Amino acid sequence: MNVIFMGPPGAGKGTQAERIVSEFGIPHISTGDAFRSAMSQGTPLGVEAKKFVDQGLLVPDEITIGIVRDRLAHDDCKRGFLLDGFPRTISQAEALDEILSASGRGIDHVINLTVDRGLLLARLTGRRICKSCGSTYHVLFNQPKAEGVCDKCGGSLYQRSDDTEEKVGTRLDEYVSKTAPLLAFYSEQGKLREVDGEQEIEAVTGQIDSLLRGQA
Ligand code: ADP
Ligand code: ADP
Ligand code: ZN
């Protein structure tokens with residue numbers, strides 16, 4: 001099963017991806033996580049990506065596509081994968097189609113999580129991430145049992161440097177101008193499914209699960 005999660009920053013893609021991949025046993029491929037990991041290690045990719053990520057801008061297509069092409073060539077993607085935060089431009093979507101068709105594969109489902117812009121700001125500025133395992137929390141909407149500590153691994157929680165009010169504005173503008181046009185691209189292919197991302201986390205997972213199992 002080859003799946004794409006779409007939706008604006010803060011829609012819940014990462015939160016739902018963690019849950020869905022553990023259920024279906026497929027790898028979670030997040031370009032945002034890949035960039036953050038390269039940035040924290042200071043690799044050449046990280047140094048280049050940082051120029052864009054820190055400003056809330058999309059990283060150029062040729063860099064981003066290269067990462068996904070390499071990742072999709074790994075054996076663990078043969079039985080399926082979940083792409084979270086890729087593609088984000090029409091060029092990325094076209095490149096993805098080429099990469100997959102070259103190996104006789106294709107996308108099965110595109111799930112679009114919808115959340116009103118007004119709520120996204122609160123979601124993003126209150127988001128906290130585990131330093132050790134990458135799990136996502138929220139200071140109000142999805143609190144860890146102990147403040148600042150990951151429920152799953154005991155790691156400490158941090159706030160992403162691009163989750164500030166100022167950067168969020170730029171990121172949402174990037175989404176509207178460059179990523180939202182992809183909805184028509186996948187809708188024309190008959191692959192797009194909408195899920196109301198403003199519901200409780202459990203309810204969102206339930207709906208995605210039904211769609212992926214072909215029961216909705
Ligand atoms: P969010 O979860 O808030 O949507 P991500 O963690 O997916 O954000 O992405 C963080 C940043 O990484 C983006 O603002 C952008 O700079 C970069 N990035 C992630 N995925 C892509 C992509 N497919 N194309 C270009 N830039 C990307
Ligand atoms: P994305 O990957 O789309 O940027 P995240 O999964 O990181 O979004 O979620 C953004 C923030 O909103 C996180 O702090 C997360 O805990 C919280 N969140 C995610 N889904 C929900 C939900 N259904 N209801 C309330 N808060 C949520
Ligand atoms: Zn953790």
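We number each residue from 1, following the sequence as shown. Computed from a predicted structure; not experimentally measured. Atoms within a ligand are numbered from 1 in the order they appear, just like the ligands themselves. These values consider heavy atoms only, across backbone and side chains, with no hydrogens, waters or symmetry-generated copies.
- In terms of polar-atom proximity, defined here as any N/O pair under 3.5 Å, Gly126 makes no such contact with ligand 2.
- Contact check for Thr164 versus Thr125: no side-chain heavy atoms found under the 4.5 Å cut-off.
- Not a single heavy atom of Gln55 lies less than 4.0 angstrom from ligand 1.
- Here the NZ atom belonging to Lys50 is positioned 12.0 Å from the OG1 atom belonging to Thr43, to the nearest 0.5 angstrom.
- In this structure, the protein non-hydrogen atom closest to atom 7 (O) of ligand 2 is Arg127 NH1, 2.6 Å.
- Residue Arg128 has no N or O atom closer than 3.5 Å to an N or O atom of ligand 2.
- At least one N or O atom of Lys13 sits closer than 3.5 Å to an N or O atom of ligand 1.
- Looking at atom 3 (O) of ligand 1, its nearest protein heavy atom turns out to be Arg171 NH2, 2.5 Å.
- Taking the side chain as every heavy atom from C-beta outward, Thr15 and His138 never approach each other to under 4.5 Å.
- Between the side chain of Thr31 and the main chain of Gly85, a donor-acceptor pair closer than 3.5 Å is present.
- Atom CG of Leu72 is separated from atom CG of Leu83 by 6.0 Å, given to the nearest 0.5 angstrom.
- Atom numbering of ligand 2 starts at 1 in the shown order; those under 4.0 Å from a heavy atom of Ala11 are 3 (O), 8 (O).
- The SG atom of Cys130 and the SG atom of Cys150 subtend an angle of 110° at the Zn ion (ligand 3), given to the nearest 10 degrees.
- Among protein heavy atoms, atom 20 (N) of ligand 1 sits closest to Thr31 OG1, 2.8 Å.
- Of the possible polar contacts, none joining the Gln16 side chain to the Gly12 backbone as a donor-acceptor pair under 3.5 Å is found.
- Looking from atom 2 (O) of ligand 2 to the surrounding protein, the closest heavy atom is Gly14 N, 2.9 Å.
- Contacts of Asn142 with ligand 2, taken as heavy-atom pairs under 4.0 Å, involve the side chain alone.
- Ligand 1 has no nitrogen or oxygen under 3.5 angstrom from a nitrogen or oxygen of Pro8.
- When only non-hydrogen protein atoms are considered, atom 14 (O) of ligand 2 lies nearest to Tyr137 O, 2.7 Å.
- Heavy-atom contacts of Gln92 reach the following atoms of ligand 1: 22 (C), 23 (N), 24 (N), 25 (C) (cutoff under 4.0 Å).
- Heavy-atom distances between Gln199 and ligand 2 reach below 4.0 Å in at least one pair.
- Taking the side chain as every heavy atom from C-beta outward, Pro144 and Asp151 approach each other to under 4.5 Å.
- Under a 4.0 Å heavy-atom criterion, Glu174 is not in contact with ligand 1.
- In terms of polar-atom proximity, defined here as any N/O pair under 3.5 Å, Pro9 makes no such contact with ligand 2.
- Residue, atom and distance of the protein heavy atom nearest to atom 17 (C) of ligand 1 are Phe35 CD1, 3.7 Å.
- Rounded to 10 degrees, the SG-metal-SG angle spanning Cys133 and Cys153 at the Zn ion (ligand 3) equals 110°.
- Residue Gly10 has at least one N or O atom closer than 3.5 Å to an N or O atom of ligand 2.
- Among the atoms of Asp33, none of the N or O lies under 3.5 angstrom from an N or O of ligand 1.
- Nearest protein neighbour of atom 9 (O) of ligand 1, counting heavy atoms only, is Gly32 CA, 3.7 Å.
- Heavy atoms of Glu198 found under 4.0 angstrom from ligand 2: none, in either backbone or side chain.
- Residue Arg160 touches ligand 1 through its side chain alone, judged by heavy-atom distances below 4.0 Å.
- Two residues are said to be in side-chain contact when any heavy atoms from C-beta on lie closer than 4.5 Å; Cys150 and Cys133 meet this criterion.
- When Val204, Thr136, Leu120 are ranked by how near their heavy atoms come to atom 13 (C) of ligand 2, first place goes to Thr136.
- Note that the CD atom of Gln92 and the CG atom of Asp61 stand 4.5 Å from one another [nearest 0.5 Å].
- Listed by number with element, the atoms of ligand 1 under 4.0 Å from a non-hydrogen atom of Thr64 are 22 (C), 23 (N), 24 (N), 25 (C).
- Among the atoms of Leu124, none of the N or O lies under 3.5 angstrom from an N or O of ligand 1.
- There is a protein heavy atom less than 4.0 angstrom from atom 27 (C) of ligand 1.
- Scanning the protein for heavy atoms near atom 8 (O) of ligand 2, the closest one is Gly12 N, 3.1 Å.
- Side-chain contact of Glu174 with Thr170: a donor-acceptor pair under 3.5 Å is absent, judged by distance alone.
- For Arg88, a nitrogen or oxygen atom sits less than 3.5 Å from a nitrogen or oxygen atom of ligand 1, counting backbone and side chain alike.
- From the protein, the heavy atom lying nearest to atom 11 (C) of ligand 1 is Val53 CG1, 4.1 Å.
- Here the CE atom belonging to Met6 is positioned 5.0 Å from the OH atom belonging to Tyr175, to the nearest 0.5 angstrom.
- The CD1 atom of Ile26 sits 8.5 Å away from the CZ atom of Phe81 when rounded to the nearest 0.5 Å.
- Using a 4.0 Å cut-off between heavy atoms, Val59 contacts ligand 1 through both its backbone and its side chain.
- Considering only heavy atoms from C-beta on, Leu45 comes within 4.5 Å of Ile67 through its side chain.
- Here Arg117 pairs with Asp173 in a salt bridge; the nearest charged N to carboxylate O distance falls below 4.0 Å.
- Atom 18 (N) of ligand 2 has Arg123 CD, 3.9 Å as its closest protein atom, hydrogens excluded (heavy atom only).
- Applying the 4.0 Å criterion to heavy atoms of Leu57 picks out, from ligand 1, the atoms 15 (C), 16 (O).
- Side chain of Arg171 to main chain of Asp162: a donor-acceptor pair is present (N/O by atom type, distance under 3.5 Å, no hydrogens or angles).
- The closest side-chain heavy-atom distance from Phe86 to Leu96 is below 4.5 Å.
- For the atom pair CD1 (Ile111) and CG (Asp84), the distance works out to 12.5 Å, reported to the nearest 0.5 Å.
- Scanning all protein heavy atoms for the shortest distance to atom 15 (C) of ligand 2 gives Thr15 OG1, 3.7 Å.
- When hydrogens are left out, the protein atom nearest atom 6 (O) of ligand 1 is Arg36 NH1, 2.8 Å; that is the closest non-hydrogen contact.
- At a 4.0 Å cut-off, at least one heavy atom of Gly197 sits close enough to ligand 2 to count as contact.
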Going through the checks in order, is the side chain to side chain donor-acceptor pair (under 3.5 Å) test met by Glu18 and Ser22?
-> CA-CA 6 Å; Glu18 274 180 36; Ser22 74; over 6 Å; no

